[in-house]
Amino acid sequence: MQVSTPVAPSIVATQNDTNVEQQQQQELFCVCQQPYVEGQLMVACEVCESWFHPSCIQVSNSLALSPYSLFYCKRCHSSGQYTFEDISKVRKTGRTLRKRKSIDYNSNHVLSFGDSTETLLKAGETFLQFLNSRGYKKADVEEYIEASLDSLRSWNSFGQTKPVLVKDSRKLQIVQEDIAIDLKLVGELVGDFCAVEVLDVATQSELYPQWTLGQWLAYFQTPQDKRKAILNVLSLEVSHTKLSSYIHAPILVRDIDWIQNSWPKTQKHSCLDELKNFFSENVSEDQKHNRKIPLITYPKVQLYCLMSVAGAYTDFHIDFGGSSVWYHVIFGKKIFYLVRPTKKNLQAFERWTTSPFQSCIFFGDEVDECSWIQVAAGNTFFIPSGWIHAVYTPEDSLVFGGNYLHDFATSKQLEIVNLERRTGVPDKYLFPFFFKSCWYAAARIVVSYCLRYGRLEILENILIPSYLKELCVHCSGTDMNLDNARWKYEVDKLLKHLVSQTRHIASERWKKRNRSRIASCLPPKEILKPSQLLDILESICRLNLSTSSSSTVVT
């Protein structure tokens with residue numbers, strides 16, 4: 001939302017602007033026909049960029065100044081009234097609660113950045129016909145009839161560069177063999193009173209007030225022709241529930257996941273135990289109301305339960321923090337629309353997400369190539385870091401999935417985090433504890449090098465003993481090739497990022513501009529002396545860049 005106080009951005013001139021801009025300033029009028037006066041508070045319509053005094057449209061100055069609302073004049077809003085729309089209620093893909101008009105998908109009209117007169121209603125079978133009319137090709141992905149762990153574990157040597165589809169997923173050890181997962185079991189193991197975020201597919205926004213899982217399952221089991229709206233559940237994380245005993249991340253993901261291998265296990269387990277106790281059936285509802293839900297103290301993103309009805313659609317997005325993602329379909333089908341994370345495509349994505357006409361544009365038509373792949377029941381699909389993707393659900397589906405960060409995607413993960421910062425993604429929809437995840441990954445890398453060169457004693461006063469012991473046990477049992485060129489390149493990016501970030505934090509100027517971010521950027525408490533650890537990180541950076549074959553010792 002554009003507000004002028006005291007000077008309106010982009011339209012109202014400053015003292016240093018040109019004569020032309022000063023002339024434009026004089027031509028700026030409110031609905032009351034009073035011209036703009038420098039220093040006055042005015043607010044601009046998001047669509048036509050007409051400017052208004054808050055008093056003339058009968059709103060408070062605090063609402064006009066709010067960074068969490070969008071203003072539409074009565075000519076541009078479908079209600080025919082001056083309207084402020086709340087953008088604090090957004091999902092992780094960043095779309096707002098806008099009212100939508102439908103479009104005739106059977107016409108040949110193709111929307112572009114210059115056309116803001118119509119809005120895509122992205123739901124239902126008619127929208128699938130629209131998707132099919134685009135003529136996209138089947139995606140070039142790695143396909144496996146049966147999971148070959150040796151082949152898939154090549155990610156640990158070269159990194160994942162393209163999506164992977166595994167048709168027979170039994171060897172990935174995702175679902176416990178003697179259990180049949182269905183909606184009834186999900187309700188029993190998660191609990192009917194568990195709160196769920198329900199998305200209205202037509203607006204790509206969250207419904208309020210929040211639903212319970214019991215309400216959602218009742219809706220899901222309603223016959224398709226009797227559903228009044230197409231709804232979606234995408235963010236039900238269940239790792240703290242009994243369901244997590246029967247569903248796990250694929251074994252090869254567990255091998256490389258930073259959360260699995262770098263975060264202190266005691267911290268994760270204590271958090272999960274507190275959540276399990278809070279939601280325990282042995283605790284009365286009165287007791288629950290009198291207690292606060294335990295704080296989540298680690299990235300709780302490893303096990304999501306996704307329940308989508310036929311016709312549901314999730315618009316193009318990049319998973320938060322540039323994390324990689326896996327999906328395992330229990331029943332139903334999913335169609336993924338994939339866009340490579342090239343520099344040009346990421347620039348188009350950034351332009352699209354920040355455009356006021358985002359809802360009018362189909363992103364797949366704005367890139368060099370968009371392709372599709374269908375994932376059926378029993379299949380597992382892996383999407384690498386940074387890939388832009390949308391998902392259509394042709395039939396009612398139950399899917400499990402999770403996000404993970406890993407060594408071989410460091411540079412892309414950091415690139416996406418910077419993109420999120422530039423586009424202003426709210427903190428709620430960023431990868432939780434991303435910076436701390438980087439620190440823990442770096443600590444594991446330092447331990448690996450120190451074990452190799454017999455210098456573990458230098459870490460005794462830097463990492464607390466229990467965490468150091470935990471990392472030593474993990475690194476000793478891991479076949480990590482420290483001479484792998486790709487791994488060394490990615491690790492070097494991570495370590496240099498931490499070095500530069502820590503220097504920024506030490507700057508008083510940076511602290512003044514980023515007071516709200518300081519807590520999330522500080523090294524974890526388990527790293528007792530970050531300055532000394534940084535010296536080791538810089539030594540490893542030099543070691544990684546060295547082309548000599550001599551056995552350099554970390555100092």
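Below, each value reflects all heavy atoms present in this structure, side chains not excepted, and no hydrogens, waters or symmetry copies. In this chain, numbering begins with 1 at the start of the sequence shown. None of the values given here were measured: they were computed from a predicted structure.
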Check the pair Asp273, Ser270 against side-chain hydrogen bond (donor to acceptor under 3.5 Å, both in side chains), reporting the backbone distance first and the verdict last.
CA-CA 5 Å; Asp273 288 342; Ser270 62; over 6 Å; no
CA sep, side-chain torsions, deciding dist, call: Gln260, Tyr404, side-chain hydrogen bond (donor to acceptor under 3.5 Å, both in side chains):
CA-CA 9 Å; Gln260 184 76 20; Tyr404 58 101; over 6 Å; no
List the steps and the verdict of side-chain contact (heavy atoms from CB on, under 4.5 Å) for Leu306 and Val233.
CA-CA 6 Å; Leu306 299 85; Val233 167; over 6 Å; no
With side-chain hydrogen bond (donor to acceptor under 3.5 Å, both in side chains) as the criterion, how do Asp178 and Gln176 come out once you've worked through the C-alpha distance, each side chain's angles and the decisive distance to 0.1 Å?
CA-CA 6 Å; Asp178 59 346; Gln176 186 173 311; 2.7 Å; yes
Can you check side-chain contact (heavy atoms from CB on, under 4.5 Å) on Ile179 and Ile181, steps first, answer last?
CA-CA 6 Å; Ile179 195 77; Ile181 304 292; 4.1 Å; yes
Using the rule given for side-chain hydrogen bond (donor to acceptor under 3.5 Å, both in side chains), can you reason through Ser235 versus Glu197, listing the C-alpha separation, both sets of side-chain angles and the distance that settles it, and then say yes or no?
CA-CA 7 Å; Ser235 55; Glu197 292 184 1; 3.2 Å; yes
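Two residues are said to be in side-chain contact when any heavy atoms from C-beta on lie closer than 4.5 Å; Tyr337 and Ile335 meet this criterion. Side-chain contact between Pro432 and Val301 is present, with heavy atoms from C-beta onward closer than 4.5 Å. In this structure the side chain of Tyr440 reaches within 4.5 angstrom of the side chain of Tyr467, judged on heavy atoms. Between Phe336 and Ile383, the closest side-chain pair of non-hydrogen atoms falls below 4.5 Å. Side-chain contact between Asn232 and Val198: absent, with no pair of heavy atoms (C-beta onward) separated by less than 4.5 Å. Inter-residue side-chain proximity for Glu420 and Thr353 is flagged as unmet; no heavy-atom pair is nearer than 4.5 Å. Side-chain atoms of Tyr304 and Leu234, non-hydrogen and from C-beta on, never get closer than 4.5 Å to each other. Counting heavy atoms from C-beta outward, Leu165 and Tyr327 have side chains that stay 4.5 Å or more apart.
Ion pairing between Arg455 and Glu457 holds under the 4.0 Å rule for side-chain N and carboxylate O. Salt bridge status for Glu142 with Lys162: absent, with no side-chain N to carboxylate O gap under 4.0 Å. Residues Lys493 and Glu490 are not paired through a salt bridge, judged by the lack of any N-O separation under 4.0 Å between the basic side chain and the carboxylate. One finds a salt bridge joining Glu350 and Arg422 here, because a Lys/Arg side-chain nitrogen approaches an Asp/Glu carboxylate oxygen to under 4.0 Å.
Trp211 and Trp216 have tilted rings, their planes meeting at an angle from 30° to 60° on a 0 to 90° scale. A perpendicular orientation is assigned to the rings of Phe434 and Phe431, their planes being inclined by more than 60° (bins at 30° and 60°). Classification of the His406-Phe408 ring pair by plane angle, with boundaries at 30° and 60°, yields tilted. The aromatic rings of Phe349 and Phe363 sit perpendicular to each other, their planes meeting at more than 60°, with 30° as the lower class boundary.
Formation of a donor-acceptor pair under 3.5 Å by the Ser355 side chain with backbone atoms of Arg351 is not found in this model. In this structure, Asp407 contributes its side chain and Trp487 its backbone to no donor-acceptor pair below 3.5 Å. Checked by atom type and distance alone, the side chain of Ser385 pairs as donor or acceptor with a backbone atom of Gly322 at under 3.5 Å. With Ser169 contributing its side chain and Gly378 its backbone, the two residues share a donor-acceptor pair below 3.5 Å. Listed for the Arg444 side chain is no donor-acceptor partner under 3.5 Å among the backbone atoms of Leu471. Checking side-chain atoms of Lys412 against main-chain N and O of Pro341 turns up a donor-acceptor pair under 3.5 Å. Ser397 places no side-chain N or O within 3.5 Å of a backbone atom of Thr393 that could act as its donor or acceptor partner. In this structure a side-chain-to-backbone donor-acceptor pair under 3.5 Å is present from Glu470 to Lys265. Not a single donor-acceptor pair under 3.5 Å links the side chain of Ser324 to the backbone N or O of Pro384.
Expressed to the nearest 0.5 Å, how far OG of Ser411 lies from CG of Leu494 amounts to 10.5 Å. Of the inter-residue distances, the one linking Asn403 atom CG with Glu237 atom CD reads 9.5 Å to the nearest 0.5 angstrom. How far CD1 of Ile540 is from CG of Asp492: 10.5 Å, rounded to the nearest 0.5 Å. Once rounded to the nearest 0.5 Å, the distance linking SG of Cys472 with CG of Leu456 reads 4.0 Å. Atom CZ in Arg340 sits 15.0 Å away from atom NE2 in His389 (nearest 0.5 Å). To the nearest 0.5 Å, atoms CD (Gln302) and CD1 (Ile247) are separated by 14.5 Å.
Centroid-to-centroid, the aromatic rings of Trp326 and Phe382 stay 6.0 Å apart or farther.
Only one option out of Val367, Asp315, Ile388 pairs with Trp352 in a side chain to side chain contact (heavy atoms under 4.5 Å, CB included); it is Asp315.
Residues Lys276 and His240 approach most closely at CG-O, 2.9 Å, considering heavy atoms. Heavy atoms only, all atoms of each residue included: Thr380 and Pro250 are closest at CG2-CG, 4.5 Å.
Surrounding CG of Asp368 are more than 12 heavy atoms belonging to other residues, nucleotides or ligands, all under 6.0 Å away. For NZ of Lys525, the number of neighbouring non-hydrogen atoms (other residues, nucleotides, ligands) closer than 6.0 Å is 12 at most.
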